[in-house]
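Reminder, nothing fancy here: chain letters follow the sequence lines and each chain counts from 1.
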Amino acid sequence: MKIILPDQSIQTLDRGSTPVENVLSDLGINSLEVIVSRNGKLVSEDTVVGADDEIRIIRIAHGG
Amino acid sequence: MCVEPAVIYLRYAKRHLCRAHLIEDIEQRVLSTVENKKLISTGDRIAVALSGGKDSTALLILLCRLLPALKDVSLVAITIDEGITSYREDTVHSAEDLTRRLGIEHHCISFTEQFGDPLDDLLKGRESQACSICGILRKKALNIGAHRVGATKLATGHNLDDEAQSVLMNVLRGDLPRLVRNSGNDSQSAFIQRIKPLAYISEKEIATYLILNDAWKNLPECPYTRYALRREVRTMLTTLEYRYPGTMLRLMESKRKIEYYCAGSMVCEPIRGCRECGDPCSGDICQVCLLRRSLGL
Ligand SMILES: [Zn+2]
Ligand SMILES: [Zn+2]
């Protein structure tokens, strides 16, 4: 699956179907600090995503 | 039972919510906070401290939506331009866009106008104290702004994460007076009463709410936060919240209990007038005047 990281860099993860939460923990990211979309739609952290999905991770900046 | 796809899983409540239900839930919880804590009364003119960042943006959108449920209440937005290069310009623009879009009266006050110099200049050589110096001056500027626009209350966008961090930071510093002074007790002072309608909404919920309302902007983070204890406390608390959902709410509950047991006791120094400017303060001289002296303003 294609992962777009908070800094806009792109990483391809060779993984079968798995919950978003596992993708994040593989990347060392706490799910409370980010928002995740799959193919342009927001998803909850326990949503199972698949190999063909495009996952975007948006970091929640502090302040404001 | 709702069949729409979930956009968020609220770990502390073990609930999945779809787009429509999350928006409804957040708006309802903010209204409950406002009503239960009697934050807003009939006839209030609420000045919203609008930095243009995510929390204050969400606050203004939420209060606008709740306006019909609040009797005879008006809103006005105040933005403080501290003068932080490559940070504040973007958020000030974002604040202007938002108030134009919502049709809300908007006023901007700069540190340069109030204190003679932008924050960047005031801080030269004192970067490690950035957040406390900026906080003291921003509070003063917001009070001036709120008086100027005839506001009866000042609403800030502090969220659950911010509030829980403050509780822990005050404990880590051994600052019991500040721990119990922060919330409702402010009303006893001559300063305009500050209210925090988002105090029970988490940072993640706020960010999701903004995205769902097409109001999300990728804004820079304040360059001075890297000096702050708050940053470390934030990381620690988010980790704890992830592993033990509900940690932040329980910290707020601890604060509430401490406030309850401290009520009536003399934890805080009595409020007097500052010897130099007359503003209410707990010592001889207020923090702003102390700062003016040490910065040579
Ligand atoms: Zn639903
Ligand atoms: Zn003073």
When rounded to the nearest 0.5 angstrom, what distance separates OG in A:Ser44 from CG in B:Leu22?
-> 11.5 Å
Spell out, as yes or no, whether a donor-acceptor pair under 3.5 Å connects the side chain of B:Lys204 to the backbone of A:Glu33.
-> no
Let me know if A:Ser37 has heavy atoms under 4.5 Å from chain B in its side chain, its backbone, both or neither.
-> neither
Ion pair check, A:Glu45 and B:Arg11, cut-off under 4.0 Å = yes
Under 4.5 Å from a heavy atom of chain A, the part of B:Arg19 involved | neither
What pairs with A:Asp26 under side chain to side chain donor-acceptor pair (under 3.5 Å), at least two apart in sequence or on another chain?
-> A:Arg15
Interatomic spacing from OH in B:Tyr9 to OG1 in A:Thr47 - rounded to 0.5 Å = 12.0 Å
Would you mind reporting whether B:Ile8 and A:Leu42 have side-chain heavy atoms less than 4.5 Å apart?
-> no
Are there residues of residues 237-245 of chain B that reach to under 4.5 Å of chain A by heavy atoms, and which ones?
-> B:Thr238, B:Thr239, B:Glu241, B:Tyr242
Rounded distance (nearest 0.5 Å) linking atom CD1 of A:Ile60 with atom CD1 of B:Ile206 = 9.5 Å
Using a cut-off of 6.0 Å, state whether more than 12 heavy atoms not belonging to A:Asp52 lie near its atom CG.
-> no
Around atom CD of B:Glu253, are there more than 12 heavy atoms of other residues, nucleotides or ligands at under 6.0 Å?
-> yes
A:Ile35 vs B:Ile211, side-chain contact (heavy atoms from CB on, under 4.5 Å): CA-CA, chis, key distance, verdict | CA-CA 9 Å; A:Ile35 289 191; B:Ile211 290 188; 3.8 Å; yes
Do the side chains of B:Glu203 and A:Leu32 get nearer than 4.5 Å, heavy atoms only?
-> no
Under 4.5 Å to a heavy atom of chain A? For B:Leu219 that would be backbone
Residue part contacting chain B, namely of A:Val34, when any heavy atom lies under 4.5 Å | backbone
Can you tell which part of B:Thr91 gets under 4.5 Å to a heavy atom of chain A, answering side chain, backbone, both or neither?
-> neither
Contact class of B:Gln165 relative to chain A, heavy atoms under 4.5 angstrom = side chain
